[in-house]
Amino acid sequence: MKDNHYTSRLILNKVSHSYSGSPVLKNLSVVFNPGEFVALVGPSGCGKTTLLNLLSGYIMPVSRKVVREGIIRTIYQHDGLFPWLIVSENISMGLRPALTLSQRQQQLDELIVLIQLKGFEKHYPHQLSGGMRQRVELARALAGDSDILLMDEPFSSLDYQTRILMRRELVCLLEKRRKTVVFVTHDIEEAVLLADRILVLKDRPAYICLDLLINAPHPRALTDVTMIEAVKRILNELQPPDTGNHLNAAELQQSEFQQQFDVVMQLRV
Amino acid sequence: MRAAIHEKKVLPVQIKPLQTRKTVKYHNFILPVIVVFCLLFIWYILCVFHVFPAYALPSPGAVLKSLREELVAGRLVNDAIASLWRIAVGFVLAAGLGIPVGLWLGHHGFARKAFVPLLNFFRFLSPLAWIPFAILWFHIGDKPAIFLIFMASFFPLALSTMSSVANIPSIYFRVAHDYNYKSIEIITRVTLPAILPQIVTALRLSYGIAWVVIVAAEMVGCQDGLGYGIWEARNGLRLDIAVFYMIVIGALGMAIDRLFAQLTKLPNIRWGYER
């Protein structure tokens with residue numbers, strides 16, 4: 001593995017975007033540092049996916065520009081694999097075309113071992129479970145030494161247990177192959193468990209209301225003090241200031257975390 | 001303890017489908033055979049009791065006898081080959097033109113808006129309406145029949161190709177963009193494989209229409225073919241011959257459809273039917 005992520009750059013410089021006149025993002029400036037795992041959280045419809053599409057180059061911003069350098073790959077929520085190709089062919093899509101046949105085969109084998117799907121190379125996507133399919137997507141995105149991974153709620157279509165498993169696997173994979181990751185999710189707990197840095201988006205047009213750095217070793221547990229603190233901060237930021245009703249709901253959630261926290265403390269004692 | 005009990009419960013469920021699959025295969029064969037024999041029996045009874053006069057409803061025996069005659073004369077094989085040849089040429093022409101036209105329309109919304117009403121108009125226009133023109137333009141022989149086959153299968157093929165292209169999930173094109181596919185690669189490596197299952201279905205359907213049309217097409221302007229055979233049998237008041245021509249047409253149509261159905265079992269196409 002070569003350390004090429006220092007050559008990659010991903011910068012938003014006062015970027016704005018709108019759909020047919022209605023603004024979605026306004027004056028957004030972010031520098032995604034190489035090798036950093038950034039989670040984008042926020043309520044649905046706040047422009048998270050639009051931001052990701054801007055980063056992937058699928059859409060162009062209305063004003064200013066996005067600096068994109070390095071190989072960027074996107075991992076979709078589901079159905080991103082080509083159903084007419086078998087697992088190994090899907091993964092090979094990502095490999096660099098310049099490789100010789102034996103090099104390709106070697107890298108393919110490495111990736112299949114990495115995602116623990118040995119023996120499933122000849123399967124079609126519809127013959128795999130949802131979790132397996134997401135692992136294949138991950139392998140395809142990792143193939144060919146990509147520098148930046150954009151993940152659009154990659155685990156949201158999975159069941160709860162598989163989701164937890166996949167989070168753990170993602171952390172392991174990234175420890176082996178460090179990449180810049182931009183991870184869109186509406187799941188605050190997921191963001192807190194995975195990310196080095198969390199950007200909280202809110203309102204429309206969206207702006208970044210919180211840029212939170214989490215410096216905690218992996219594996220993390222939701223019951224860790226830092227995690228609880230981080231979730232609290234994010235919820236605080238997202239709670240609507242005006243109506244009392246919403247405030248109560250958010251407060252309730254906070255107090256729930258506090259209770260959880262207390263229980264854990266008691267257990268530790 | 002509980003987990004062990006649960007596993008025991010699962011075992012018989014796994015075995016059961018194997019048993020039923022065998023019986024399903026057996027049923028698939030035996031049930032239609034029973035139905036066909038019942039029908040033959042009813043036919044036989046109708047003839048024995050002279051419900052219809054013999055010239056209006058030939059008996060199974062008479063049909064068998066004329067089948068032997070025709071096979072000895074070699075006319076049946078000749079007619080079948082003539083019909084299959086016309087179908088093949090007309091159908092290949094329709095597919096060769098209809099599928100590319102459908103691809104083009106599927107990728108270009110503007111063209112779609114312009115041409116779809118016209119295509120729909122011709123799709124609903126029975127190809128038999130073209131018979132007078134077919135004879136005036138192409139005279140007698142293979143050409144008018146081939147023209148009618150083409151008119152019968154081109155429009156449904158073009159339209160269904162177009163709509164399957166237009167319905168390809170956009171995510172595949174986004175993935176193609178991510179992996180830097182060029183425009184030709186998008187056609188060959190995304191569009192075509194993505195619509196292949198629907199293309200096979202469209203081919204089966206339009207082949208069905210073509211096979212129906214060939215009989216009528218050959219009744220005019222042809223000197224041989226299965227449709228012409230029926231026409232000639234009618235002119236000679238030999239309905240026994242007409243009946244076995246009908247049987248041959250139905251059986252041959254079914255057999256070719258089975259061949260198309262085999263295509264759906266190819267691994268590159270099967271995914272479209274199993275999701």
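Computed from a prediction, not measured in an experiment: that's the story for all the values here. The basis for the numbers below is simple: all heavy atoms, side chains too, and nothing from hydrogens, waters or symmetry mates.
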Heavy atoms only: give me the nearest [X]-[Y] pair and the separation to one decimal.
X	Y	result
V175(B)	R140(A)	CG1-NH2, 3.6 Å
D79(A)	I171(B)	O-CG2, 3.5 Å
G94(A)	Y179(B)	CA-CE2, 3.5 Å

- [ ] Could you have a look at S56(A), P125(A), G80(A) and say which one has the most heavy-atom pairs with chain B under 4.5 angstrom?
- [x] G80(A)
Task: Spacing of CD belonging to E89(A) relative to CZ belonging to R189(B), to within rounding of 0.5 Å - done: 10.0 Å
Task: Inter-residue atom distance R174(B).CZ - Y76(A).OH, 0.5 Å rounding - done: 4.5 Å
Would you indicate whether [X], at its atom [atom1], is surrounded by more than 12 heavy atoms from other residues, nucleotides or ligands within a distance under 6.0 Å?
X	atom1	value
F115(B)	CZ	no
I184(B)	CD1	no
Q161(A)	CD	no
L101(A)	CG	no

TODO: Identify which part of L81(A) has an atom lying under 4.5 Å from any heavy atom of chain B, answering side chain, backbone, both or neither.
DONE: backbone
Open item on the list: Quick check on I86(A) against chain B: is it the side chain, the backbone, both or neither that has a heavy atom closer than 4.5 Å?
Closed with: neither
Task: Residue pair M93(A) / Y181(B), side-chain heavy-atom distance below 4.5 Å - done: yes
Open item on the list: I'd like to verify something: which residue of A176(B), P197(B), P267(B) has the highest number of heavy-atom pairs under 4.5 Å with chain A?
Closed with: P267(B)
Open item on the list: Checking an interface table here. Which of residues 149-157 of chain A come within a heavy-atom distance under 4.5 Å of chain B?
Closed with: none
Task: Aromatic ring pairing H177(B)/Y58(A), orientation class (parallel under 30°, perpendicular over 60°, tilted between) - done: perpendicular
TODO: Verify ring-ring contact (aromatic ring centres under 6.0 Å, His included) between F82(A) and W271(B), making sure each step is shown before the conclusion.
DONE: CA-CA 10 Å; F82(A) 285 166; W271(B) 62 269; 9.9 Å; no
